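Along the sequence shown, residues are numbered consecutively beginning with 1. Atoms within each ligand, like the ligands themselves, are counted from 1 in listed order. Computation of the quantities below employed the complete heavy-atom set of this structure, encompassing side-chain atoms and omitting hydrogens, waters and symmetry-equivalent molecules. This is a predicted model, so every value here is computed, not measured.
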Amino acid sequence: MKGLQDKVAIVTGGATLIGAEIVRQFHRNGTRVVVADIDGKNGEALQREFADGVRFVQTDLTQDEQLQRCVDAAVAAYGGIDFIVNVACSYVDEGLASDRQQWSQALGVNLVGGVMLLRAAYPHMVQRGGGAIVNFGSTSAQVAQAGRWLYPASKAAVVQLTRSQAMDLAKDNIRVNSVSPGWTWSGVLDQVSGGDKDKANRVAAPFHMLGRVGEPAEVAAAVVFLCSDQASFITGANLPVDGGYGAMGPEQGAAPIAALMA
Ligand SMILES: NC(=O)c1ccc[n+]([C@@H]2O[C@H](COP(=O)([O-])OP(=O)(O)OC[C@H]3O[C@@H](n4cnc5c(N)ncnc54)[C@H](O)[C@@H]3O)[C@@H](O)[C@H]2O)c1
C-alpha cells in the first residue's frame with residue numbers, strides 16, 4: 001500500500017483482536033502507531049510484540065485530559081499525527097431498561113470519544129498537510145435488533161458523523177470514512193460463544209452471504225486501505241466489511257416466491 005510509510009496513526013481500541021490486527025498491518029506497512037485503549041494488560045502485551053514503532057498509551061476515551069496526553073505522546077514519540085482509527089467501543093445496552101448513565105457511557109465511548117480525540121489531534125493533522133480518519137460503524141447501524149437500543153443508535157450516529165466530518169475536513173485534505181463490520185471473530189464473540197468459532201460460524205451463516213464470521217485481518221485490511229493513497233479519492237463513505245450481511249434482505253436465501261408457487 002502506498003502512502004503509509006513513515007506515517008503516524010492513533011488506533012483507539014487497539015488492544016482488541018480487531019484493533020491489534022490493524023496495528024500489525026500498519027506496522028508491516030511502515031506506519032508508526034500509538035495504541036489508545038483503557039485495557040492496560042492487553043495494550044502493553046501488544047506493544048511488547050514490536051521492537052519499535054508501536055507505543056501503548058493507556059487512555060480512557062471519556063476523559064479529555066487523557067486524550068490530550070495520548071496526542072501529546074504521539075507527537076513527542078513520532079513527530080506528528082496522520083491517521084486516527086476509532087475502534088474502541090462500549091457494548092453496554094439493556095434496551096428500554098438502560099438508564100441515563102448507560103446512554104452516556106455508550107455515546108461517550110462510541111461517538112464522542114473519537115470526536116474529542118480528533119479535536120486534540122486536528123492541529124497536528126493540519127500541520128502534516130492532511131491525513132485520514134476511519135470510524136467504526138456496524139451492521140447494527142442499519143437494522144432493528146431485539147433488545148438493543150444504545151449500541152445501534154451510537155453506530156448509526158457514527159456513520160452520519162463520518163459524512164459531516166468528511167464535509168468539513170476536506171478543505172484540510174483529511175479524508176474521513178467508516179467501516180461497518182458484520183460479525184467478526186473478536187473478544188466479544190469469543191466470550192459469548194465460549195471460544196467456539198465453528199459455533200459462531202454456524203449461527204452467523206444464515207445472515208451473512210459468505211456463511212461465516214469475518215476475521216480481524218479482513219476488517220483491518222479495509223481500514224489500512226482507506227488510510228492509504230489507494231483510497232485518495234474516497235471520503236464520506238461507509239464501507240461494509242460484512243460478508244454480505246447488509247445487502248441481504250429479510251428473505252435471506254429462502255426463495256419465498258418458490259415457496260408461494262409450491
Ligand atoms: N466484533 C464484531 O462482531 C463487530 C461487529 C460490528 C462492528 N464491530 C465494531 O468493531 C470494533 C471492535 O469491536 P470488538 O468486538 O473487537 O470490541 P471489544 O469489545 O473486543 O473491544 C472494545 C475495546 O474498546 C476498549 N474500550 C472500551 N471502553 C473504552 C474507553 N472508555 N476508553 C478506551 N478504550 C475503551 C476496550 O478496552 C476494548 O479494547 C467496535 O467499534 C465495534 O463496534 C464489531
Side-chain angles (χ1 to χ4, degrees), residues 10-23 34-47 56-71 84-93 101-102 104-117 133-143 145 148 150-159 161-162 177-193 195 197 200-201 203-204 207-208 210 212-220 222-223 238-243 245-246:
I10 296 180
V11 179
T12 77
T16 61
L17 292 182
I18 296 172
E21 200 49 44
I22 294 167
V23 173
V34 168
V35 177
D37 200 299
I38 202 168
D39 179 349
K41 184 165 162 270
N42 286 317
E44 273 153 25
L46 181 65
Q47 180 180 305
F56 171 64
V57 179
Q58 191 164 22
T59 308
D60 182 342
L61 285 177
T62 65
Q63 303 299 318
D64 289 349
E65 65 284 3
Q66 293 190 28
L67 290 170
Q68 187 63 55
R69 196 169 53 97
C70 175
V71 164
I84 297 176
V85 182
N86 289 304
V87 185
C89 80
S90 163
Y91 283 111
V92 63
D93 196 335
Q101 193 274 330
Q102 289 171 310
S104 295
Q105 170 73 11
L107 294 173
V109 177
N110 298 0
L111 183 69
V112 183
V115 177
M116 293 304 129
L117 175 60
I133 297 167
V134 180
N135 295 321
F136 265 65
S138 168
T139 46
S140 300
Q142 298 165 346
V143 294
Q145 293 176 317
R148 302 184 87 187
L150 285 58
Y151 179 82
S154 72
K155 291 297 174 175
V158 165
V159 173
L161 170 71
T162 298
N177 295 289
S178 56
V179 293
S180 281
W183 280 24
T184 309
W185 186 248
S186 59
V188 173
L189 283 198
D190 190 358
Q191 196 186 337
V192 174
S193 71
K197 199 172 184 177
N201 283 330
V203 174
F207 47 93
H208 293 78
L210 295 178
R212 62 174 176 85
V213 302
E215 293 294 333
E218 293 175 310
V219 177
V223 169
N238 177 46
L239 177 59
V241 188
D242 66 359
Y245 179 117

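Checked by atom type and distance alone, the side chain of Thr184 never pairs as donor or acceptor with a backbone atom of Ser186 at under 3.5 Å. Distance alone, capped at 3.5 Å, is enough to place a donor-acceptor pair between the Arg69 side chain and the Gln58 backbone. A side-chain donor-acceptor contact under 3.5 Å links Thr12 to the backbone of Ala88.
At least one heavy atom of Gly182 sits closer than 4.0 Å to an atom of ligand 1. The shell of residues lying under 4.0 angstrom from ligand 1, judged by heavy atoms, includes Gly137. For the ligand labelled ligand 1, residue Leu17 lies outside the 4.0 Å heavy-atom shell. Within the 4.0 Å heavy-atom cutoff, Trp185 does not count among the residues contacting ligand 1. Not a single heavy atom of Gln105 sits under 4.0 Å from any atom of ligand 1.
Between Tyr91, Tyr245, Phe136, it is Tyr91 that holds the heavy atom closest to atom 4 (C) of ligand 1. Nearest to atom 39 (O) of ligand 1 by heavy-atom distance, out of Asp37, Leu189, Asp39, is Asp37. Within the set Ser140, Ser186, Ala141, the minimum heavy-atom distance to atom 1 (N) of ligand 1 is found for Ser186. Selection from Ala200, Cys89, Ser138 by nearest heavy atom to atom 24 (O) of ligand 1 gives Cys89.
For ligand 1, the atoms sitting less than 4.0 Å from at least one non-hydrogen atom of Trp183 are 3 (O), numbered in the order shown with element in parentheses. Atom numbering of ligand 1 starts at 1 in the shown order; those under 4.0 Å from a heavy atom of Leu61 are 30 (C), 31 (N), 32 (N), 33 (C). Close approach of ligand 1 to Val109 (heavy-atom distance below 4.0 Å) involves ligand atoms 28 (N), 31 (N). In the vicinity of Val188, heavy-atom distances shorter than 4.0 Å reach the ligand 1 atoms 15 (O), 19 (O). Counting the atoms of ligand 1 from 1 in the order shown, those under 4.0 Å from a heavy atom of Val87 are 11 (C), 12 (C), 40 (C), 41 (O).
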Stepwise side chain to side chain contact (heavy atoms under 4.5 Å, CB included) test for Leu67 and Val71: CA-CA 6 Å; Leu67 290 170; Val71 164; 5.8 Å; no
Working for side chain to side chain contact (heavy atoms under 4.5 Å, CB included), residues Gln142 and Asn238: CA-CA 12 Å; Gln142 298 165 346; Asn238 177 46; 4.1 Å; yes
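At the top of the distance list for atom 3 (O) of ligand 1, counting protein heavy atoms only, stands Thr184 N, 2.8 Å. Scanning the protein heavy atoms around atom 33 (C) of ligand 1, the nearest turns out to be Thr59 O, 3.1 Å. Counting protein heavy atoms only, atom 31 (N) of ligand 1 is closest to Asp60 OD1, 3.0 Å. Ranking protein heavy atoms by distance to atom 20 (O) of ligand 1, first place goes to Thr16 CG2, 3.6 Å. Among protein heavy atoms, the minimum distance from atom 29 (C) of ligand 1 is reached at Ile38 CG2, 3.8 Å. Among protein heavy atoms, the minimum distance from atom 8 (N) of ligand 1 is reached at Tyr151 OH, 3.6 Å.
Scanning for side chain to side chain donor-acceptor pair (under 3.5 Å) contacts around Arg148 gives Gln145, with sequence neighbours left out. For Asn42, the side chain to side chain donor-acceptor pair (under 3.5 Å) partners two or more places apart in sequence, or in a different chain, are Asp39.
Of the candidates Val11, Val241, Val179, Val179 is the only one forming a side chain to side chain contact (heavy atoms under 4.5 Å, CB included) with Val223.
Looking at heavy atoms from C-beta onward, Ser180 lies out of side-chain contact with Lys155 at the 4.5 angstrom threshold.
In summary, the side chains of Asn135 and Thr162 do present a donor paired with an acceptor at a separation below 3.5 Å, with no hydrogens or angles considered.
From Asp37, atom CG reaches atom CD of Glu44 across 11.0 Å, with rounding to the nearest 0.5 Å.
In this structure, Tyr245 has its ring center no closer than 6.0 Å to that of Trp183.
Polar contact with ligand 1: absent for Thr62 (N/O pair, distance under 3.5 Å).
The environment of CD in Gln191 is sparse: at most 12 heavy-atom neighbours from other residues, nucleotides or ligands sit within 6.0 Å.
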